[in-house]
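All chains are named by letter (A, B, ...) in the order of the sequence lines, taking the proteins before the strands, and each is independently numbered beginning at 1. Owing to the predicted nature of the structure, the values given are computational and were not obtained by experimental measurement.
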Protein chains: 2
Amino acid sequence: MATMKDVAKLCGISISTVSRVINNSGYVNKETEEKVKAAIEKLNFSPNQAARSLVNGDTKTIGLIIPDISNPFFPAIARAVEDTLQEEKYSIIVCNSDNDILKLSKHFKTLKQKSVDGIIIAGEIKRNHIQEFTEQNLPLVMIDVNTDSLPVNSVRTDNRFGGNIATNHLIEQGFSRIAHIRGPLDSSTAEDRYKGYLDSLKEFGILYDPTLVQIGDFHEESGYNAMLRLLAHSNPPDAVFVANDLMALGVLEVLSKNKSQIGIVGYDDIPFIKYLNPKLTTVKQPIYDIGIKAAQILLKTINNSSETVDFVKELMKPELIIRQTSLREKVRK
Amino acid sequence: MATMKDVAKLCGISISTVSRVINNSGYVNKETEEKVKAAIEKLNFSPNQAARSLVNGDTKTIGLIIPDISNPFFPAIARAVEDTLQEEKYSIIVCNSDNDILKLSKHFKTLKQKSVDGIIIAGEIKRNHIQEFTEQNLPLVMIDVNTDSLPVNSVRTDNRFGGNIATNHLIEQGFSRIAHIRGPLDSSTAEDRYKGYLDSLKEFGILYDPTLVQIGDFHEESGYNAMLRLLAHSNPPDAVFVANDLMALGVLEVLSKNKSQIGIVGYDDIPFIKYLNPKLTTVKQPIYDIGIKAAQILLKTINNSSETVDFVKELMKPELIIRQTSLREKVRK
DNA sequence: CTGAAAGCGCTTACAG
DNA sequence: CTGAAAGCGCTTACAG
């Protein structure tokens with residue numbers, strides 16, 4: 001590959017001048033400039049980013065660590081981040097953590113070694129692990145992690161509110177015995193949605209029955225199994241709020257066999273869920289917007305890295321999307 | 001961030017020796033080695049990859065250019081590539097091209113500038129555009145592009161065969177008037193699946209009726225519209241082979257309203273399609289395996305960059321997954 | 001407006 | 001076994 005030296009030689013000038021025309025810095029004779037540009041064109045030269053990074057300290061690339069790009073929740077985030085950052089000429093290194101703190105940690109280290117200009121981390125991280133990432137003095141935005149009172153930027157959605165509107169809707173539809181299939185006990189997201197569910201019960205004066213709450217792991221199969229358990233209950237529920245769409249898929253799977261009339265509300269509104277039959281009522285997260293927001297905050301942090309700026313804590317509101325599965329008078333085929 | 005100089009100073013030795021212990025190259029006194037390792041630990045040092053790249057020429061990062069990570073076909077490829085390459089300590093920069101040759105070209109250039117060690121490109125590229133990428137002397141693997149007789153590695157699936165087994169299955173199920181919703185005219189993938197469809201007709205001595213072939217763009221809505229047109233036909237089909245699952249989603253959308261008994265076979269077997277109701281019969285592409293294969297070939301190319309190796313042309317076989325929508329005696333709820 | 005020189009943080013022969 | 005020195009390809013003051 002051609003280097004600046006090559007184009008300098010071809011033009012009979014110094015590399016300093018070549019650098020100036022490339023970076024539009026300082027004054028350069030119009031004529032010289034043309035000559036340099038022609039040479040660059042001719043040699044198909046493009047500056048070596050590694051060399052640049054070494055002196056500038058920046059790389060024009062950022063890291064995005066997500067649990068799993070195969071999980072339908074994350075591609076939209078990745079896309080949003082790329083769409084937003086590539087306007088500013090950034091590239092994105094994507095890493096899958098599988099929600100494993102060890103893998104996450106390894107990826108973080110690698111990214112740091114590659115001198116990325118900033119990192120976006122999505123997924124649950126336990127509070128005592130967060131510090132490891134915040135003290136690195138690297139522009140950072142966390143998605144979906146509770147960073148209250150911690151020195152990090154974050155973008156989250158109001159999960160408690162989401163759980164609340166989901167459950168309220170079911171109650172207002174006339175369902176009276178409402179179960180909840182929640183996420184893992186150590187997940188704050190799961191916990192918040194569960195709290196929203198409890199809020200609703202209290203709000204409507206419904207007695208809380210702990211045997212109606214089943215624990216899943218946010219994947220299909222656990223939803224399937226949880227629903228089976230619920231159906232085996234001596235006094236089964238007539239509706240269920242499921243903490244995410246993936247588990248709701250499992251729930252639908254068992255209920256479709258039973259031609260059941262149990263009301264269902266999911267959570268996330270992942271793409272393609274709308275093609276399901278019957279159509280799933282769900283709490284929609286503004287996935288793409290979350291990605292955009294995170295990217296914007298990261299960008300701002302990168303550009304202000306010298307000044308002390310307050311950390312941004314963005315809380316986005318989810319929205320109830322009413323489709324078929326929650327309707328009392330629904331027509332299930 | 002700490003540099004090698006810092007650890008050298010802390011140990012009272014030269015950076016040459018530090019470098020040696022980091023890279024396990026040459027002989028180092030056991031004692032010195034321990035001291036260096038301790039210093040590295042203490043200073044939380046990790047080598048600057050930009051500096052390394054500058055001298056070594058490699059970056060331990062590769063580029064993956066796909067049409068769109070939001071398209072459910074691609075996350076599995078991205079995951080497979082990461083899973084395969086991260087064993088070798090590579091990072092992946094993901095770029096979305098939207099199947100736009102200009103964007104693709106820009107991404108390619110950026111990646112080259114960042115000195116990536118290799119690039120995987122997925123998606124259709126017209127023959128006359130391929131050269132632009134092959135002549136750059138960069139390890140390269142193309143997924144899903146016809147590279148016959150061109151100096152590039154590629155991984156593809158046998159689309160003609162896929163179209164053939166899809167249509168054969170429909171015929172064997174007893175359907176006699178079989179339509180085809182194909183992809184764009186300028187897509188070789190679409191063309192090949194269409195040819196497979198034609199092969200079947202000929203094989204079974206069925207007269208080809210061009211009015212039964214509708215053109216879509218591989219997205220839901222075009223499938224929806226194409227199906228509408230087919231239903232408006234004076235002599236409508238009793239089955240349809242749809243060139244990908246996304247368009248089949250659109251087809252199912254119109255047919256579910258009509259309680260139609262038209263047979264359907266899709267193509268791809270994208271994730272979650274199996275949760276659809278009725279369950280879509282489709283031609284499964286080994287998506288994850290395609291990604292693995294591409295990554296393996298890239299790796300081999302990177303490691304043999306000096307030797308002249310033959311270009312690999314991998315042709316993978318798709319597989320028919322029979323579910324509900326193609327069954328003659330199917331029970332549609 | 002332009003060039004010489006130092007330096008970014010490493011690796012790699014070459015001496016010793 | 002270890003160190004001094006050159007060099008990877010750039011950018012950035014500093015002179016001129």
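- Of the candidate nucleotides C:dT11, C:dC8, C:dG3, C:dG3 has the atom lying nearest to any side-chain atom of A:S14.
- Heavy atoms of B:T17 sit under 4.0 angstrom from primed sugar atoms or phosphate atoms, though from no base atom.
- A donor-acceptor pair shorter than 3.5 Å can be found between the side chains of B:N153 and B:T301.
- Looking at which nucleotide of DNA chain D each of B:V55 and B:K30 is closest to, the 5′-most match is held by B:K30.
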What pairs of donor and acceptor atoms, side-chain ones from residues 30-44 of chain A against any protein atom, are under 3.5 angstrom apart with sequence neighbours left out?
| unit_1 | atom_1 | unit_2 | atom_2 | d |
| --- | --- | --- | --- | --- |
| A:E33 | OE2 | A:K37 | NZ | 3.1 |

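- Considering only side-chain atoms of A:N23, the nucleotide from D:dT11, C:dT11, D:dA13 that sits closest is D:dT11.
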Less than 3.5 Å apart, which donor and acceptor atoms pair up between the side chains of residues 61-88 of chain A and the rest of the protein, not counting sequence neighbours?
| unit_1 | atom_1 | unit_2 | atom_2 | d |
| --- | --- | --- | --- | --- |
| A:D68 | OD1 | A:S70 | N | 2.9 |
| A:D68 | OD1 | A:S70 | OG | 3.3 |
| A:D68 | OD1 | B:R79 | NE | 3.0 |
| A:N71 | OD1 | A:F73 | N | 3.0 |
| A:R79 | NE | B:D68 | OD1 | 2.9 |
| A:R79 | NH1 | A:D83 | OD1 | 2.7 |
| A:R79 | NH2 | B:D98 | OD1 | 2.2 |
| A:R79 | NH2 | B:D98 | OD2 | 3.0 |
| A:E82 | OE1 | B:N96 | N | 2.7 |
| A:E82 | OE1 | B:N96 | ND2 | 2.8 |
| A:D83 | OD2 | A:Y288 | OH | 2.6 |
| A:T84 | OG1 | A:A80 | O | 2.8 |
| A:Q86 | OE1 | B:H107 | NE2 | 3.2 |

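- When the ring-ring contact (aromatic ring centres under 6.0 Å, His included) test is applied to B:F45, no partner is found at least two apart in sequence or on another chain.
- In this structure, B:I22 reaches neither bases nor backbone, as no heavy-atom distance under 4.0 Å exists between it and the strands shown.
- At the heavy-atom level, A:S16 lies under 4.0 Å from base atoms of the strands shown.
- Using a 4.5 Å cut-off on side-chain heavy atoms (C-beta onward), B:T134 and B:Q131 make contact.
- Proximity note for B:N29 (side chain, C-beta onward) versus C:dC1, D:dT11, D:dT2: the nearest is D:dT2.
- Backbone-only engagement by B:T32 is indicated by non-hydrogen atom pairs under 4.0 Å involving sugar-phosphate atoms exclusively.
- Defined by atom type and a distance below 3.5 Å, a donor-acceptor pair is missing between the side-chain atoms of A:T59 and A:Q49.
- Using a 4.0 Å cut-off on heavy atoms, the residues of residues 38-48 of chain A that approach DNA chain D are A:F45, A:P47, A:N48, listed by number.
- In this structure, A:I13 atom CD1 and C:dA4 atom C1' are separated by 14 Å, rounded to whole Å.
- Taking both residues in full, the closest heavy atoms of B:R127 and B:N146 are given as NH1-O, 3.5 Å, listed atom of the first, atom of the second, then distance.
- Comparing C:dC1, D:dC1, C:dG9 by their nearest atom to the side chain of B:A51 picks out C:dG9.
- Atom pair B:D6:CG and C:dC8:C1' shows a separation of 13 Å (rounding to whole Å applied).
- Residue B:Q113 contributes atom CD, which lies 13 Å from atom C1' of D:dG9 at whole-angstrom precision.
- Nearest nucleotide to the B:R52 side chain, out of D:dG3, C:dG3, C:dT11: C:dT11.
- Applying the 4.0 Å criterion to OP1 and OP2 of C:dC10, one finds that B:S19 has every side-chain N and O outside that range.
- Atom CZ of B:R20 is separated from atom P of D:dA4 by 11 Å (rounded to the nearest Å).
- Atom pair A:I15:CD1 and D:dT11:P shows a separation of 9 Å (rounding to whole Å applied).
- Taking B:K109 as the reference, nothing meets the side chain to side chain contact (heavy atoms under 4.5 Å, CB included) condition, with sequence neighbours excluded.
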In dot-bracket form, 5' to 3', how is DNA chain D paired? Count Watson-Crick and G-U wobble pairs only if both distances fall under 3.5 Å, and write | where the partner sits on another strand.
|||.||||||||.|||
Test side-chain hydrogen bond (donor to acceptor under 3.5 Å, both in side chains) on A:E314 and A:S154 and set out the steps.
CA-CA 6 Å; A:E314 188 82 28; A:S154 67; over 6 Å; no
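- The closest side-chain donor-acceptor pair between A:K60 and A:S91, if any, does not fall under 3.5 angstrom.
- The side chain of A:M4 lies closest to D:dT11, out of D:dT11, D:dC14, C:dC8.
- Atom P of nucleotide D:dC10 and atom NZ of A:K60 are separated by 18 Å, given to the nearest angstrom.
- The residue B:T3 sits close only to the backbone: its heavy atoms come under 4.0 Å of sugar-phosphate atoms, none of a base.
- To the nearest angstrom, P of C:dT12 lies 5 Å from CG of B:N56.
- Taking atom CG of residue A:L54 and atom C1' of nucleotide C:dT11, one finds them 12 Å apart after rounding to whole Å.
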